[in-house]
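Worksheet: one structure, shown below.
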Number of protein chains: 2
Amino acid sequence: MLHDPAQLDLMFQALADPARRQMVDRLSRGPASVSQLAEPLAMSLSAVVQHLNVLEASGLVRSEKLGRVRTCQIEPKALRAAEHWINERRLSWERRLDRLGDFLAQTDDEN
Amino acid sequence: MLHDPAQLDLMFQALADPARRQMVDRLSRGPASVSQLAEPLAMSLSAVVQHLNVLEASGLVRSEKLGRVRTCQIEPKALRAAEHWINERRLSWERRLDRLGDFLAQTDDEN
DNA sequence: GCAATAGTTAAGTGAATGCTTCAGTGTTGA
DNA sequence: TCAACACTGAAGCATTCACTTAACTATTGC
């Protein structure tokens with residue numbers, strides 16, 4: 001379900017916004033409340049909540065409300081899925097280059 | 001320059017679109033012309049060219065025109081930069097969890 | 001030369017995005 | 001009990017996005 005293209009879509013879309021990446025960055029250093037996430041950002045709390053909803057819908061962030069404060073944390077499995085997608089494509093390309101290099105070296109030898 | 005936040009922004013934004021990810025996927029299996037990239041996509045050539053421009057602006061793809069055909073290929077360095085950003089955050093979070101685990105194990109021992 | 005090929009560019013359109021403000025709701029501390 | 005706090009939700013608005021069509025340019029093969 002993590003490799004389902006729709007989920008991948010939501011994840012990359014979530015990471016596309018600088019404010020949301022800043023929120024993920026903050027959360028990578030430990031859990032935070034909505035207000036704490038909002039603090040460094042030059043926008044209304046309401047806007048931050050909307051970004052948070054995008055992050056949660058993408059699966060990148062999970063949150064829980066205790067009393068009046070919602071505490072957010074990163075979902076590393078989702079991050080790993082995005083990472084994995086990129087890594088597979090990059091490796092595929094690099095392996096191709098290697099094979100090409102081998103081939104060229106071989107045909108050089110033959111001359 | 002690859003870790004410059006503006007460039008990172010362009011890269012994640014480029015990867016956010018499923019058509020563009022499909023193009024990257026295709027290119028990970030080897031170079032392709034614009035028409036070849038367009039072939040599996042249910043949209044006009046013009047739309048594909050626009051997506052390609054986004055990919056090139058982000059640094060993820062490089063292309064060169066010979067005669068009337070433009071050949072595109074992946075720029076693995078850029079992919080690596082995006083991968084790296086995610087990886088750093090995920091590791092930061094996971095290290096935090098490990099330290100927390102150690103701490104809890106230690107305080108358990110003390111009881 | 002001329003038609004087919006491969007791509008490019010510009011203009012327009014409708015939907016999605018990233019905000020804002022404002023008016024709530026539930027929680028907590030004094 | 002009541003004011004401050006920490007969100008939450010809806011409505012509105014400007015901008016950006018992902019397309020489309022249509023007109024165009026530059027190659028290539030016959």
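Just so we're on the same page: letters track the sequence lines, and every chain starts at 1.
With respect to A:E83 and B:R90, a salt bridge is recorded, a charged nitrogen being found less than 4.0 Å from a carboxylate O. Between A:E94 and B:R80 there is a salt bridge, since at least one side-chain N of the basic residue sits less than 4.0 Å from a carboxylate O of the acidic one.
Atom CD of B:E64 is separated from atom C1' of C:dA6 by 16 Å (rounded to the nearest Å). At whole-Å resolution of the value, CD in B:E56 and P in C:dT9 are 11 Å apart. Spacing between atom CG of B:N53 and atom C1' of D:dA18 amounts to 13 Å, rounded to whole angstrom units.
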Side chain to side chain donor-acceptor pair (under 3.5 Å) for A:S63 and A:E56? Distances and angles first, verdict last.
CA-CA 8 Å; A:S63 79; A:E56 291 211 51; 2.7 Å; yes

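Rounded to the nearest 0.5 Å, atoms CG (B:L91) and NE2 (B:H84) are 9.0 Å apart.
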Per-nucleotide protein contact string for nucleotides 3-8 of chain D (B base, S sugar-phosphate only, - none; heavy atom under 4.0 Å):
-BBSBS

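Mapping A:A47 and A:L66 onto DNA chain C by nearest heavy atom places A:A47 at the nucleotide closer to the 5' end.
Listed pair B:H51 / D:dC17 fails the phosphate criterion, with no side-chain N or O lying under 4.0 Å from OP1 or OP2.
Hydrophobic clustering keeps A:L15 apart from A:V54 (ILVMFWY residues linked when any side-chain heavy atoms are closer than 4.5 Å, directly or through intermediates). Taking hydrophobic clusters as Ile, Leu, Val, Met, Phe, Trp and Tyr residues chained together by side-chain heavy-atom distances below 4.5 Å, A:W93 shares a cluster with B:L55.
In this structure, the side chains of A:I74 and A:V24 come closer than 4.5 Å at one or more pairs of heavy atoms.
Side chain of A:R20 to main chain of A:A14: a donor-acceptor pair is present (N/O by atom type, distance under 3.5 Å, no hydrogens or angles).
Scanning atom types as modelled, no donor and acceptor separated by under 3.5 angstrom connect the side chain of B:Q50 and the base of C:dT8.
Listed in residue order, the members of residues 13-27 of chain A having a heavy atom less than 4.0 Å from DNA chain D come to none.
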